[in-house]
Amino acid sequence: MEKPEALPHISSLILYEGGKPIEELQRELGLKEVIKLASNENPLGTSPRVAQFFKENDFNSALYPDGSGYYLKNKLAVKYKIKPENILLGNGSNEIINFIGQCYLESGTEGLFSDKAFIAYRMSVEAVRAQCVVAETADGFSHSLENFKKCISNKTKVIFIANPNNPTGNLLDKEELLQFIHEVPKHILIVLDEAYYEYNNEELYINSVQEAVSRTNLLVLRTFSKIYGLAGYRLGYAIANSEIIKALNHVREPFNISSPGLKAAEIALDDEEFIDKSRKNNTEGKKYLEEEFIKSHIEYIPTFGNFFLVNVGNGIEVTKKLEAMGIIVRPMAGYGFKEHIRVTIGTPQENKTFIKALNQVYKK
Ligand SMILES: Cc1ncc(COP(=O)(O)O)c(C=O)c1O
């Protein structure tokens, strides 16, 4: 029978497997209490000011949102001392990663990323039938800028680098990164994905925003999904030279961010107290989990994110056992880490529950 056929390459594209939703595990196993430490969300929720605003205000849901994101872009521009035309808003920074593929890559060109990189880069490159080129890590875990350089060819159009990286949690040396950015040929777009930026002291980073607006080939990605606790609203942004932002705007659908999402982000951006509290929770949780991993002789990668990559012998098996106990983590076989799980740093109670369960299901 005749039927519409998707393009042949479509069925070979990898499917993104996200963290299992709490409701799904509750349905599957009939569990009441479930904690999710699988998607690097903020365990403290979001700014209480956001909840308060939505309690007191209503949206006219019949109207389209402000497609230009005027107020949020202006707020971001003031925060970073840049211009609104240097900013693009995305339905999550993930959407912007896809825009980059659509604007800068096509068949016959190459997108370059690390072999242990966030999977969305591969998806963006493959979706437009460009070639994925993978730079080996230095030690199985950390990005090697030397290896990135070796992989640059005359077909390279985009380089994706997450810093800190997901799922390994490593951070690049800032001097080396800056040198790399200066050395990469100017016709190649460097995408510096800083989704976990706010969890660390600014001194650990290059001044990426200033570099991005003053150069012609650097784009910085940030998100409201992590420390701001707004993953459910889907909101990320890019900062770059206005020419790059203009190009990306051509493939953006006009109303890609919802009205509540825009408002929530504006409010969350101002709540320094909540950001500090979230950072503190993460720093303390990181210390607690590291101490417990060491006590139990469990191998882990020191992290600069809100998660740990942990060697538990068999990631899929341990994930299943933890799920049976009402704890959702992420197996990492899809990233080539068959022995590992990735666990998000939770609240103090969630961290304790996780460690207790892990010690029951895995002994080194
Ligand atoms: C490195 C990195 N970049 C981007 C994202 C996507 O974030 P979002 O689309 O929610 O903004 C994530 C999410 O986990 C991430 O880890």
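Start at 1 and go down the list; that is how both ligands and their atoms are numbered.
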Subset of ligand 1 atoms that lie under 4.0 Å from at least one heavy atom of [X]:
X: Gly92; answer: 8 (P), 9 (O), 11 (O)
X: Arg234; answer: 8 (P), 9 (O), 10 (O)
X: Asn94; answer: 9 (O)

(request) Flag Asn91 as yes when one of its N or O atoms lies below 3.5 Å from any N or O atom of ligand 1, and as no otherwise. (result)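 For ligand 1, there is no N or O atom that lies under 3.5 Å from one belonging to Asn91.
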
(request) Could you tell me whether some N/O pair between Asn166 and ligand 1 is separated by less than 3.5 angstrom? (result)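 Yes, Asn166 has an N/O under 3.5 Å of an N/O on ligand 1.
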
Could you pull out all donor-acceptor pairs under 3.5 Å where a side-chain atom in residues 215-224 meets a protein atom, sequence neighbours excluded?
{"from": "Asn217", "atom 1": "ND2", "to": "Ile188", "atom 2": "O", "distance (Å)": "3.1"}
{"from": "Arg222", "atom 1": "NE", "to": "Glu194", "atom 2": "OE1", "distance (Å)": "3.0"}
{"from": "Arg222", "atom 1": "NH1", "to": "Tyr80", "atom 2": "OH", "distance (Å)": "3.0"}
{"from": "Arg222", "atom 1": "NH2", "to": "Glu194", "atom 2": "OE1", "distance (Å)": "2.8"}
{"from": "Arg222", "atom 1": "NH2", "to": "Ser208", "atom 2": "OG", "distance (Å)": "3.3"}
{"from": "Thr223", "atom 1": "OG1", "to": "Ser225", "atom 2": "N", "distance (Å)": "2.9"}
{"from": "Thr223", "atom 1": "OG1", "to": "Ser225", "atom 2": "OG", "distance (Å)": "3.1"}
{"from": "Thr223", "atom 1": "OG1", "to": "Leu235", "atom 2": "O", "distance (Å)": "3.4"}

(message) Once rounded to the nearest 0.5 Å, what's the spacing between atom OG1 of Thr46 and atom CG of Asp271?
(response)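 These two atoms lie 8.0 Å from each other.
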
(message) Between Leu322 and Phe354, is there a side-chain heavy-atom distance shorter than 4.5 Å?
(response)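 SC-SC contact between Phe354 and Leu322 confirmed.
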
(request) Using the ring of Tyr197 (Phe, Tyr or Trp, six-membered ring only), decide whether Lys226 places NZ or CZ under 6.0 Å from its centre and within 45 degrees of its axis. (result)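 Because its charged atom misses either the 6.0 Å distance or the 45° angle limit, Lys226 does not stack over Tyr197.
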
(message) Under 4.0 Å, counting heavy atoms only: does Lys226 come that close to any atom of ligand 1?
(response)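 Yes.
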
(message) With the threshold set at under 4.0 angstrom, would you say Tyr196 reaches ligand 1 through any of its heavy atoms?
(response)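 Yes; Tyr196 lies near enough to ligand 1 that a heavy-atom distance drops under 4.0 Å.
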
(request) Could you find the nearest protein heavy atom to atom 2 (C) of ligand 1 and give me its residue, atom name and distance? (result)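 Of the protein heavy atoms, Asp193 OD2, 3.4 Å lies nearest.
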
(request) For atom 10 (O) of ligand 1, find the nearest protein heavy atom and state the residue, atom name and distance (0.1 Å precision). (result)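 For atom 10 (O) of ligand 1, the nearest protein heavy atom comes out as Ser225 OG, 2.6 Å.
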
(request) For the pair Lys149 and Glu146, evaluate salt bridge (charged side-chain N to carboxylate O under 4.0 Å, His left out) and give the outcome as yes or no after the intermediate values. (result) CA-CA 5 Å; Lys149 270 191 249 169; Glu146 271 314 303; 3.1 Å; yes

